[in-house]
Amino acid sequence: MFEKYKPVYREDYTKWIKTQKDEIAKIAKDPKRLTYHLMPEKGWLNDPNGLCQFKGIYHIYYQYDPFDINGDLKLWAHVTTKDFIHYEQKEPFLFPDSDIDTHGAYSGSAFVKDNQIHYFYTGNIKLFDRDDYDYIHSGRVANTIHLVSDDGEHFDQKQLVMEMKDYPKEFTQHVRDPKLIEEKGIYYMVQGARDQKDHGAILIFSSNDLEHWEYRYSLTSDQPLGYMWECPDLFELDQQKILITCPQGVSTDGMDYANVHSVTWMQVDGEMETGLHISKIHQLDRGFDFYAPQSFEDEQGRRILIGWMGIPDADYTNPTTQDGWQHALTIPRLLEWKNGVLHQKPLPQLQALRRNSRKLNAEQLNELHFDEASFELCIEADNCKEMELQLNEEICMTMKEGLFTLDIHACGAGRDQRSVALDHLDDIQIFSDTTSLEIFLNDGTEVFTTRIYPTRPRCVKLNIKDNTAAITLHSLMAHQFK
């Protein structure tokens with residue numbers, strides 16, 4: 001019924017999903033399912049889309065293929081929450097069911113304005129009338145589509161606001177992933193792009209009404225960084241512009257850019273009207289499974305980020321594919337700008353998941369009988385230079401000679417180790433779930449996100465030079481879903 005590059009209609013999906021109840025119930029019993037992360041009921045998940053808070057409700061959409069574990073078809077799944085603890089599963093929001101998005105409702109974003117949510121996304125079209133298309137310079141159509149909702153669940157008709165003729169000719173047909181920012185009463189849209197010389201950049205458009213858009217200029221780094229910049233997210237935090245984007249194809253440089261594709265944050269100076277310049281580039285996450293993050297400002301004025309706990313084109317795998325599902329979203333993270341550095345910190349609401357909290361020293365931690373998979377471990381040290389932390393015999397973290405290293409080769413399903421240079425370690429906060437780790441170092445200035453597939457129970461052991469380290473271990477309950 002459902003084929004790649006064929007439309008998917010809501011009514012067909014509705015009939016099909018009713019036949020999948022037994023399969024979904026079987027997947028729900030998979031012991032590799034996560035307890036406090038969002039996952040697909042069945043099939044594939046990737047980029048978070050359309051993140052926003054509207055009338056007190058957080059709306060989380062994501063790229064979704066319920067029909068297959070490889071993500072060939074692209075819908076927008078939809079989940080809501082008021083507190084990031086209790087969630088409600090909604091019907092899929094977007095289907096590739098029109099002439100302007102037949103081959104995929106690709107990634108996009110939400111922009112709340114005048115008591116409505118405006119969505120912008122890429123409608124993907126691939127042409128098959130010739131056999132010599134490379135789908136970079138020819139054969140691809142990337143439509144920028146706008147729709148409006150009064151409630152985050154229903155929307156008016158899809159409106160085509162930009163197509164290939166509206167993008168600059170010095171760029172290829174790889175243009176996608178619109179995200180909006182407003183400055184001085186003017187709306188600006190950034191889109192990921194790849195120029196004719198295979199250098200990544202973002203395109204910047206402006207509008208006075210959210211419907212008519214004009215190309216203004218492109219922004220790229222002084223030195224080329226990869227061939228395509230996906231999922232751009234330009235925002236202002238404490239009066240500093242920051243661009244988060246995913247440069248594809250950056251060559252590994254020592255321990256930097258170790259993944260096939262990377263995620264970076266960039267310090268951006270200047271004004272939207274007169275021009276921007278990138279003055280600093282830093283990796284956003286050092287782990288194996290982090291890509292396509294998106295941030296939004298909630299009604300409290302906080303900048304919250306959620307990422308895809310996965311990555312495209314990786315040479316490692318997820319054993320969950322054998323059970324009919326793949327990938328998850330990260331925990332929500334609070335972004336802060338301090339002293340010229342972007343910090344990621346677990347959203348404070350997640351503290352409501354804590355139970356059975358224990359304050360320990362290293363000796364007590366080592367003697368503790370502990371075999372839970374879902375926990376939060378916080379270690380506060382003062383200028384620690386050397387440490388070894390084992391979550392079991394298969395998961396090891398070390399701080400030694402100015403290098404922090406995560407080694408999961410024994411349970412990584414092809415993942416081995418990742419490192420980052422650190423002069424010292426002041427604190428480490430670890431969110432462990434059944435098959436994932438999110439590790440926040442030094443107040444979230446460095447983060448490691450990865451999937452893991454351990455065969456042995458958790459057994460936390462700490463060897464640290466600083467015996468005065470303050471350790472807190474929280475068991476974590478599952479989030480609530482309906």
Side-chain angles (χ1 to χ4, degrees), residues 7 10 47 49-55 59 61 63 74-76 78 93-125 140-169 171 173-193 201-219 230-236 241 243 271-276 294-297:
R10 185 180 296 273
D47 305 9
N49 293 154
L51 305 183
C52 63
Q53 186 182 22
F54 186 66
K55 298 181 179 178
H59 293 267
Y61 310 86
Q63 294 279 283
K74 300 295 186 185
L75 287 60
W76 278 29
H78 183 199
F93 182 67
L94 268 181
F95 290 83
D97 57 5
S98 71
D99 291 341
I100 55 177
D101 64 1
T102 303
H103 301 157
Y106 275 29
S107 289
S109 58
F111 185 77
V112 178
K113 190 70 176 180
D114 297 331
N115 212 32
Q116 291 181 311
I117 310 176
H118 294 260
Y119 301 87
F120 294 86
Y121 72 98
T122 300
N124 184 55
I125 304 290
R140 178 186 292 269
V141 176
N143 292 318
T144 302
I145 301 170
H146 175 211
L147 49 90
V148 182
S149 176
D150 294 323
D151 60 6
E153 297 187 43
H154 309 88
F155 58 86
D156 61 0
Q157 66 181 7
K158 298 175 180 180
Q159 177 189 5
L160 179 65
V161 293
M162 279 190 281
E163 51 189 316
M164 298 311 302
K165 65 181 178 61
D166 299 308
Y167 311 135
K169 294 190 181 342
F171 283 83
Q173 294 178 351
H174 276 200
V175 176
R176 54 183 175 267
D177 311 332
K179 185 74 160 55
L180 270 63
I181 181 173
E182 183 179 1
E183 186 171 285
K184 297 181 179 179
I186 299 175
Y187 308 110
Y188 294 92
M189 178 192 293
V190 296
Q191 297 229 43
I202 65 167
L203 306 180
I204 299 176
F205 304 83
S206 67
S207 174
N208 293 314
D209 60 6
L210 296 174
E211 294 184 5
H212 303 89
W213 294 89
E214 176 186 0
Y215 173 66
R216 299 298 298 274
Y217 54 90
S218 66
L219 174 66
E230 287 196 308
C231 306
D233 185 359
L234 181 65
F235 56 90
E236 193 165 295
K241 286 188 180 67
L243 171 66
E271 296 188 353
M272 300 298 301
E273 175 66 25
T274 56
L276 302 174
Q294 186 173 113
S295 75
F296 68 101
E297 186 178 283

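Model, not experiment: these values are computed from the prediction.
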So, for [X] and [Y], which heavy atoms are closest and what is the spacing to 0.1 Å?
{"X": "A110", "Y": "L51", "result": "CB-O, 4.1 Å"}
{"X": "K241", "Y": "E271", "result": "NZ-CA, 4.0 Å"}
{"X": "L210", "Y": "L180", "result": "CD2-CD2, 3.6 Å"}
{"X": "L276", "Y": "L219", "result": "O-CD1, 3.5 Å"}
{"X": "P232", "Y": "G192", "result": "CG-N, 3.3 Å"}
{"X": "D97", "Y": "P7", "result": "CA-CB, 4.4 Å"}

Around D99, counting heavy atoms of other residues, nucleotides and ligands shown, do more than 12 lie under 6.0 Å from its CG?
-> no
Do [X] side-chain atoms and [Y] backbone N/O form a donor-acceptor pair below 3.5 Å?
{"X": "E236", "Y": "E182", "result": "no"}
{"X": "R10", "Y": "F93", "result": "yes"}
{"X": "D177", "Y": "C231", "result": "yes"}
{"X": "K179", "Y": "S295", "result": "yes"}

Heavy atoms, side chains only, cut-off 4.5 Å: are [X] and [Y] in contact?
{"X": "N115", "Y": "K55", "value": "yes"}
{"X": "T122", "Y": "Q191", "value": "yes"}
{"X": "I202", "Y": "S218", "value": "no"}
{"X": "E297", "Y": "F235", "value": "no"}

In sequence, state the C-alpha distance, the side-chain angles, and the governing distance for K158 and L94, and then conclude on side-chain contact (heavy atoms from CB on, under 4.5 Å).
-> CA-CA 10 Å; K158 298 175 180 180; L94 268 181; 3.9 Å; yes
Return the [atom1] to [atom2] distance between [X] and [Y], rounded to the nearest 0.5 Å.
{"X": "T144", "Y": "Y106", "atom1": "OG1", "atom2": "OH", "value": "14.0 Å"}
{"X": "S107", "Y": "N124", "atom1": "OG", "atom2": "CG", "value": "10.5 Å"}
{"X": "N208", "Y": "W213", "atom1": "CG", "atom2": "CH2", "value": "9.5 Å"}
{"X": "I100", "Y": "N143", "atom1": "CD1", "atom2": "CG", "value": "6.0 Å"}
{"X": "R216", "Y": "I186", "atom1": "CZ", "atom2": "CD1", "value": "6.5 Å"}
{"X": "S207", "Y": "H212", "atom1": "OG", "atom2": "NE2", "value": "8.0 Å"}

Parallel under 30°, tilted from 30 to 60°, perpendicular over 60°: which one fits the rings of Y119 and Y61?
-> perpendicular
Electrostatic pair K74-D47, nearest N-O below 4.0 angstrom = no
Applying the ring-ring contact (aromatic ring centres under 6.0 Å, His included) test to F111, which of F296, F120, Y187 qualifies?
-> Y187
Do we see a donor-acceptor contact under 3.5 Å between the side chains of E273 and Y188?
-> yes
Could you tell me whether the side chains of N49 and Q294 share a donor-acceptor contact shorter than 3.5 Å?
-> no
Pick out which of Q116, E211, Q157, Q159 makes a side-chain contact (heavy atoms from CB on, under 4.5 Å) with V148.
-> Q116
